[in-house]
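Read through the structure below, which is laid out as structure tokens, and then see the notes.
Chain A is the first sequence line, chain B the second, and so forth, proteins listed ahead of strands; every chain is numbered from 1.
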Amino acid sequence: MAAGAARRARRTRRQVDRDPGGGRIVADRLPKQSEDFPGWYVEVVKRAELAEHGPARGSMIIRPYGFAIWENIQRALDDRFKATGHENFYFPLLIPMHLLAAEAQHVEGFKLQAAVVTQGGGETLDEPLVIRPTSEAVIWPTYARWIQSYRDLPLLYNQWCNVLRWEMRTRLFLRTSEFLWQEGHTAHATREEAWDEALRMLEVYREVAEDVLGIPVIPGRKSESERFPGADETLPIEAMMRDAKALQCGTSHFLGQNFAKAYDVKFLNPEGRQEYAWGTSWGFTTRMIGGTIMAHGDDKGLRLPPAIAPIQVVIVPIYRSDEERSAVLDVAGKLRDDLAGNGVRAKLDDRDQHRPGYKFGEWELKGVPVRVELGPRDVEAGQVVLVDRVTGDKRSVSLAEATSGMAGTLDEVQLALFEDARAYRDENTHQIDDFDSFAAGVEEKGGFWVGPWCGSPECEEKVSAATKASLRVLPLEREDPRGPCIVCGKPGTERAIWARAY
RNA sequence: CGGGGCGUAGCGCAGCUUGGUUAGCGCGCGUGCUUUGGGAGCACGAGGUCGCCGGUUCGAAUCCGGCCGCCCCGACCA
């Protein structure tokens, strides 16, 4: 259609659809989760000032408030990596094309997603450079030089960096072409040791997801079709969002000897024989900021777990006259300092251009776990009002108690978020009785559907084609299948969890 | 790549069908006064190459042609 004609058609439609009086936004309210979950998500991300779209398609600008969340996640992970014996290093962004091409499955898996630099210094490059979609292809050739003997093993390294994957459809945090993550890359002398490492890091991810982000997850294995290109086994933690869809969170891969063989990483064992090294890799990304938003948020906006909330406690002063103002701010400032002294991330919102009600709404939107209201009446009584973002409960406590008890209050909020998310997940987890009711149920209400599976890719494919649900995870704690495969009726080997996913 | 939506002030939009003085409105922003226990009010003010290029016309945000970009829904993926 010609541009002019398209424009004209648009105009007539618009005149029908819209109030011509002027584009006033009726209410400054978020879309409701129950009515428009994707719209709710986009609005929360923007209005809470977490992130916005970058100028290039699919790119993301992470704003300070959003990045502060990422920094807290990074710290939680990095501390645990160090505690399990890992060190950080840094590998380059650009990978010569021939290196990526060395591992057959790996290159096949990423060739559609890789961006390639072909020009530099105004000239066409002799060899194109791939912008890393992940770094196995540059790290393993280096490991080949670093590893000669079993005495050099294991190598337990990690890097924090950005990667780039060309995506057809993007959503802020959940899927952007460039994203931030950590990628751990380890090499081991034995299969058992590498497998244990992959499991150990999966457990680190489970702990961070549940104890830090407050998101209950199911650790397990991916089926072959969902496996990382080049891995023998892919181990995800799988979570449920508040729209009953699944989200893959951290992932740990057991690489077997695939990359060692592709990049010729051999070591001399104690018996004097050459062996290929065994590998793992594991990653956790900025996607989990999106996961946290969708696992906990409500119709008022974000609900951040205290462990990663950039601001854990916000103090909103209330006053009328100048005298009241200085009296209230005096007490409020001291409270903030006392809280900070106790290791609490506290902020005093002393902006004069907004009234308290506005600030309440704004900090609720931004997900601050605890609000302290402090007005003239409180100052007189030596107390404050505490408001919990998760339950909305208000209670008055003494100033001293507000300071000394705040850490405990934050722990309660942290736990309440986790229990809330777990209750939601349990309510939306169903046992599969037969294929038809499963297909109808997953279509109608989403959620996790658990049932016996025979292990064949054909049956898995049939489910996906019929339901748009995918096999999310085969739980690590393997359950007895308790029945025949829901598709083919042959004996089941284990119970699989199916869901529609992000 | 297919389907849909959109491009006018920082944000959200009206104006275009039927071309015509200085292109409007709400929010936000600045200054001042009054306000402040659930999203304040009034006054004054700042802010625009109407996505880009070309054409028609005395005159284009508006009509014609071309181009670009972004968002949403699907196929790929953490």
Side-chain angles (χ1 to χ4, degrees), chain A residues 2-29 36 38-39 41-43 46-47 52-59 109-113 133-134 163 165-177 179-183 205 222 226 228-229 234 236-238 247-253 281-288 290-291 300 316-322 324-325 328 351-365 371 373-379 384-385 387 392 394 396 468 470 501-502:
Chain A
R7 222 178 281 137
R8 227 177 301 117
R10 242 179 266 142
R11 249 175 245 140
T12 35
R13 265 198 297 280
R14 235 190 285 171
Q15 280 174 348
V16 178
D17 293 347
R18 283 172 215 261
D19 169 19
R24 185 191 172 83
I25 306 165
V26 181
D28 194 26
R29 298 278 175 247
D36 179 14
Y41 178 81
V42 171
E43 282 300 310
K46 287 185 179 167
R47 290 203 215 172
E52 54 191 70
H53 292 280
R57 118 180 263 281
S59 68
F110 281 110
K111 73 180 178 193
L112 290 176
Q113 283 195 290
T134 179
V163 289
R165 298 179 185 179
W166 218 254
E167 298 289 353
M168 297 180 186
R169 189 179 155 229
T170 59
R171 302 186 68 183
L172 291 171
F173 289 120
L174 296 176
R175 181 167 301 105
T176 47
S177 52
F179 58 90
L180 305 181
W181 75 350
Q182 57 70 213
E183 45 177 326
Y205 288 162
K222 282 291 188 188
E226 303 266 338
F228 173 75
T234 286
I237 50 175
E238 204 74 24
L247 183 75
Q248 181 174 338
C249 301
T251 317
S252 181
H253 307 291
S281 64
W282 23 277
F284 200 101
T285 82
T286 38
R287 160 180 264 197
M288 283 313 293
K300 287 181 175 177
V316 178
I318 298 153
Y319 47 79
R320 276 176 237 103
S321 62
D322 281 352
E324 281 181 357
R325 179 172 187 274
V328 166
R351 291 174 300 172
D352 213 19
Q353 70 267 36
H354 295 300
R355 297 159 91 206
Y358 179 93
K359 295 179 183 177
F360 296 168
E362 180 169 315
W363 293 116
E364 280 166 357
L365 171 67
R371 175 173 80 236
E373 301 177 9
L374 180 57
R377 295 202 295 268
D378 300 306
V379 170
V384 298
V385 175
V387 186
K394 289 193 182 193
S396 288
K468 289 190 206 157
S470 50
Y502 279 95

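Closest to the side chain of A:V385, out of B:C76, B:G37, B:U36, is B:G37. With B:G38, B:C76, B:G37 as the choices, the nucleotide that has an atom nearest any side-chain atom of A:M168 turns out to be B:C76. Residue A:H53 places its side chain closer to B:C71 than to any other of B:C71, B:G38, B:U36.
A:K222 comes within 4.0 angstrom of no nucleic acid atom, judged by non-hydrogen atoms across all strands. As judged by a 4.0 angstrom heavy-atom cut-off over every strand, A:E183 is placed among residues making no nucleic acid contact. Among the atoms of the strands shown, none is found under 4.0 Å from any heavy atom of A:F284. Across all strands, A:L174 comes closer than 4.0 Å to base atoms (heavy-atom distances). At a threshold of 4.0 angstrom between heavy atoms, the contacts of A:R325 with the nucleic acid are absent. Looking at heavy-atom distances under 4.0 Å, A:P317 makes no contact with the nucleic acid at all. A:G375 comes within 4.0 angstrom of a base, heavy atoms only. Backbone-only contact: A:Q113 has heavy atoms under 4.0 Å from sugar-phosphate atoms and none from a base.
Partners of A:K394 by salt bridge (Lys or Arg N to Asp or Glu O under 4.0 Å), not counting sequence neighbours, listed by chain and number: A:E373. Partners of A:R351 under the salt bridge (Lys or Arg N to Asp or Glu O under 4.0 Å) rule, at least two apart in sequence or in another chain, are A:D349, A:E362.
Nucleotides B:A60 and B:G65 have their C1' atoms positioned 15 Å apart, rounded to a whole Å. B:A14 and B:U22 have their P atoms separated by 25 Å, given to the nearest Å. Remark: the separation of the C1' atoms in B:G45 and B:G28 is 14 Å, to the nearest Å. Here the separation of B:G15 from B:A23, taken at their C1' atoms, is 8 Å to the nearest Å.
Partner assigned to B:G30 is B:C44, using Watson-Crick or G-U wobble distances below 3.5 angstrom. Across the strands present, B:C50 finds no partner; the criterion is a Watson-Crick or G-U wobble pair with both atom distances under 3.5 angstrom.
By the 30° and 60° cut-offs, the orientation of the rings of A:W181 relative to A:F179 is perpendicular.
Residue-to-nucleotide contacts include a donor-acceptor pair under 3.5 Å from the side chain of A:E364 to the base of B:G38.
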Hey, what are the protein-to-nucleotides 40-44 of chain B N/O distances that come in under 3.5 Å?
unit_1: B:A40; atom_1: OP2; unit_2: A:R355; atom_2: NH1; d: 3.1
unit_1: B:A40; atom_1: O4'; unit_2: A:R355; atom_2: NH1; d: 2.3

